[in-house]
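We name chains A, B, ... by the order of the sequence lines, and we start the count at 1 in each one. Hydrogens, waters and symmetry mates play no part in the numbers below; they use all other heavy atoms, side chains included.
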Amino acid sequence: MSDFITKRAEDINQWYNDLVIKGELADYSSVRGCMVIKPYGYALWENMRDALDKMIKDTGHVNAYFPLFVPKSLFEAEEKNAEGFAKECAVVTHYRLKNDPDNKGKLIVDPEAKLEEELVVRPTSEAVIWNTYKTWIQSYRDLPLLINQWANVVRWEMRTKLFLRTAEFLWQEGHTAHATQAEAIEETKKMLGVYADFAENWLAIPVYQGVKSESERFAGAVDTYTIEGLMQDGKALQCGTSHFLGQNFAKAFDVKYQTTEGKDEYVWATSWGVSTRLIGALLMTHSDDKGIVMPPKVAPHQVVFVPFLHEKKPEQNQILIDKCNEFVTQFKAKGIRCKIDTDLMKRPGFKFAEHEMKGIPVRIVFGPRDLEENVAEVARRDNLSKESISQDKLVNHVENLLTEIQANIYNRAKEYRNTNTRECTDYEDFKSKIAEGGFVITHWDGTAETEEKIKEETKATIRCIPYDYEQTAGKCIYSGKETKHRVLFARAH
RNA sequence: AGGGAUGUAGCGCAGUCCGGUAGCGCACCUGGUUUGGGACCAGGGGGUCGCAGGUUCGAAUCCUGUCAUCCCUACCA
């Protein structure tokens with residue numbers, strides 16, 4: 001904890017790991033591919049979750065909870081979905097252990113306790129949920145059905161990375177059922193919009209919204225909509241997806257409703273999710289060589305007070321701590337999350353470095369000198385600047401500063417993203433731009449073959465067909481065919 | 001799954017080639033001096049050397065097996 005963060009220029013992957021481990025967001029665990037989310041990291045997740053949960057509820061959805069286990073027969077009902085996830089499923093085959101007769105104190109799986117039917121640990125919940133919806137939906141009056149759940153899922157990934165790709169992760173998954181195709185598509189886009197809003201206005205991560213190409217589509221979806229961010233290592237990161245599922249799941253699970261005319265119709269479906277990966281996105285978007293930079297809106301602590309305490313001067317310490325508490329009360333009244341660092345053993349310089357590493361947006365320092373002059377030293381994490389602020393202006397100043405920091409890191413990230421999004425019409429130029437990192441916007445002939453070839457030759461994938469760029473006609477960068485698709489390519493995490 | 005590497009104190013490592021009974025830095029504990037940008041001095045605690053066999057008077061070190069982790073290729077919120 002006391003040593004430094006690896007510099008980005010030195011080793012950007014190690015830098016990222018250092019942010020997570022030394023920033024005390026998470027730890028490696030004794031379970032392969034799984035991490036422990038530590039209190040500081042979990043507090044961040046709670047803030048993110050609470051904000052997004054409200055947005056989900058404000059758009060008419062309610063929360064529920066479905067089981068962790070999916071009987072294999074249900075899991076395989078929607079073929080494409082099952083096929084897509086089959087390779088990365090954890091499966092429960094037994095329900096009991098027993099003492100090992102040959103090895104005292106050890107346990108073995110009881111071969112007598114084999115399950116009649118295996119249970120798949122959910123990699124996503126469409127199967128259980130649609131099997132339930134079948135019984136909940138009878139009439140057009142039951143629609144739309146707008147449900148979200150906060151849950152954990154397991155995907156047995158070959159290679160994992162803290163927050164960005166872990167075998168178990170936390171997320172929310174919305175699953176909705178609608179009477180018409182148009183309404184379901186509208187829902188899909190609406191929720192993508194909610195995600196984009198959340199990413200940009202809460203996490204300060206600028207994202208491109210768009211539609212996935214067929215090969216990148218969610219298994220079982222008709223269309224996958226995505227928000228894509230650009231990380232500081234030049235790689236794109238899928239930050240959230242919203243799927244229009246058509247009638248695939250309705251047909252697989254036989255979910256029909258009766259129309260006003262008394263006809264039976266299959267319902268139309270959507271599903272959408274974001275995960276703890278967003279923590280990784282946030283870290284990789286804003287942080288610097290001194291550590292994490294937290295967006296104020298979701299930071300576990302928005303302000304940290306550092307009174308200059310001397311072990312030998314208890315009376316002076318008390319005055320400084322009282323002063324801090326006075327302000328903490330005022331900040332709390334404004335809904336600002338703060339803490340006081342009253343550790344007697346650590347020196348100020350150490351504390352400064354530690355709070356910077358953990359990304360606390362604003363640091364307020366009170367020393368005897370400041371008290372005499374009736375000021376406080378206010379330091380901001382985003383640009384590391386410091387200024388002396390008169391105490392009577394402190395609360396308003398900091399309140400505004402938090403807003404300013406939130407805006408500043410968003411603008412900074414957006415500028416980086418924009419300057420690293422480049423147009424391209426020549427394949428050789430494309431290859432060199434992709435190698436340099438960032439998004440490349442270019443024409444693509446719409447075929448999976450071309451997409452595959454480009455991936456093989458450059459490691460770049462189509463991140464999306466973006467909303468933000470007009471779909472003008474042009475020549476495919478690879479095949480030279482006339483096409484109307486303009487797509488965003490990038491190397492991705 | 002194929003190739004490469006590593007398992008020694010909480011963390012990071014040395015010692016292994018050439019066998020002799022456990023060492024360094026950080027962290028931790030105690031005392032003192034310090035304190036406006038990562039303090040210093042002195043003392044101290046902590047290890048079945050991944051696991052299981054074998055060779056040997058003696059194994060972290062040699063042999064055999066085994067397990068785990070990491071990196072490089074295919075999948076991925």
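In this structure, B:C17 forms no base pair with any nucleotide, since neither Watson-Crick nor G-U wobble geometry is met with both distances under 3.5 Å. The partner of B:U64, taking Watson-Crick or G-U wobble pairs whose two distances both stay under 3.5 Å, is B:A52. Under the Watson-Crick or G-U wobble criterion, with both distances below 3.5 Å, B:A42 is paired with B:U30. A 3.5 Å limit on both hydrogen-bonding distances identifies no Watson-Crick or G-U partner for B:C76. The nucleotide B:G12 finds its pairing partner in B:C24, both defining distances of the Watson-Crick or G-U wobble pair being shorter than 3.5 Å.
For the C1' atoms, the distance from B:G45 to B:C28 is 8 Å, rounded to whole Å. Comparing B:A14 with B:G7, their C1' atoms are spaced 15 Å from each other, to the whole Å. Distance check on atom C1': B:A9 versus B:G3 gives 33 Å, rounded to whole Å. To the nearest whole angstrom, the two C1' atoms, one in B:A42 and one in B:G36, are 28 Å apart. Look at the C1' atom in both B:G32 and B:C71: the space between them is 48 Å, to the nearest Å. Comparing the P positions of B:G47 and B:C67 gives a spacing of 29 Å, expressed to the nearest Å. For the C1' atom pair drawn from B:C29 and B:C18, the interatomic distance equals 39 Å after rounding to whole Å. Between B:C40 and B:G4, the distance separating the two P atoms is 45 Å to the nearest Å.
Each of A:Lys346, A:Arg363, A:Glu356 was compared with A:Lys351 under the side-chain contact (heavy atoms from CB on, under 4.5 Å) criterion, and only A:Lys346 meets it.
If you take CD of A:Glu354 and P of B:C26, they are 18 Å apart, rounded to a whole angstrom. Rounded to an integer number of Å, the gap from CG of A:Leu344 to P of B:A39 is 15 Å. Taking atom NZ of residue A:Lys38 and atom C1' of nucleotide B:G10, one finds them 11 Å apart after rounding to whole Å. Rounded to whole Å, the distance from CG on A:Asn17 to C1' on B:G12 is 15 Å. Atom CG in A:Asp341 sits about 14 Å away from atom C1' in B:U35, given to the nearest Å. Rounded to whole Å, the distance from CD on A:Glu311 to C1' on B:A39 is 13 Å. Between the CZ atom of A:Arg369 and the C1' atom of B:G37 there is a distance of 12 Å, given to the nearest Å. Taking atom CZ of residue A:Arg381 and atom P of nucleotide B:G37, one finds them 18 Å apart after rounding to whole Å.
Judged by distance alone with a 3.5 Å cut-off, no donor-acceptor contact links the side chain of A:Lys290 to the base of B:G38. Residue A:Glu377 places no side-chain atom within donor-acceptor reach of the base of B:G37, judged by atom type and a 3.5 Å distance cut-off alone.
If you find the closest nucleotide of RNA chain B to A:Gly367 and to A:Arg347, the one lying nearer the 5' end belongs to A:Gly367. A residue-by-residue look at A:Lys312 and A:Phe352 shows that A:Lys312 has its nearest nucleotide of RNA chain B further toward the 5' end.
Under the ring-ring contact (aromatic ring centres under 6.0 Å, His included) criterion, A:His397 pairs with no residue, sequence neighbours left out.
No contact: A:Glu456 has no heavy atom under 4.0 Å from any strand.
If you check the side chains of A:Asn13 and A:Lys161, you find a donor sitting under 3.5 Å from an acceptor.
Between A:Tyr40 and A:His301, the ring planes are parallel. Angles under 30° get that label, and only those over 60° would be called perpendicular. Using bins of under 30°, 30° to 60° and over 60° for the plane-to-plane angle, the ring pair A:Phe244/A:Trp268 lands in the parallel bin. Using cut-offs of 30° and 60° for the angle between ring planes, the A:His243 and A:Phe218 rings count as parallel.
Aromatic rings from A:Phe366 and A:Phe327 are positioned such that their centres are separated by under 6.0 Å. The ring of A:Phe489 has its center no closer than 6.0 angstrom to the ring center of A:Tyr478.
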Under 3.5 Å donor-acceptor pairs involving side-chain atoms of residues 78-92 of chain A, not counting sequence neighbours:
from: A:Glu78; atom 1: OE1; to: A:Lys80; atom 2: N; distance (Å): 3.2
from: A:Glu78; atom 1: OE1; to: A:Asn81; atom 2: N; distance (Å): 2.8
from: A:Asn81; atom 1: ND2; to: A:Ala219; atom 2: O; distance (Å): 2.8

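Phosphate contact (OP1/OP2 of B:C11, side-chain N/O of A:Lys22, threshold under 4.0 Å): absent.
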Completion exercise
Counting primed atoms, P, OP1 and OP2 as sugar-phosphate and everything else as base, the B/S/- map of nucleotides 71-77 of chain B against protein heavy atoms under 4.0 Å is -SSBBBB
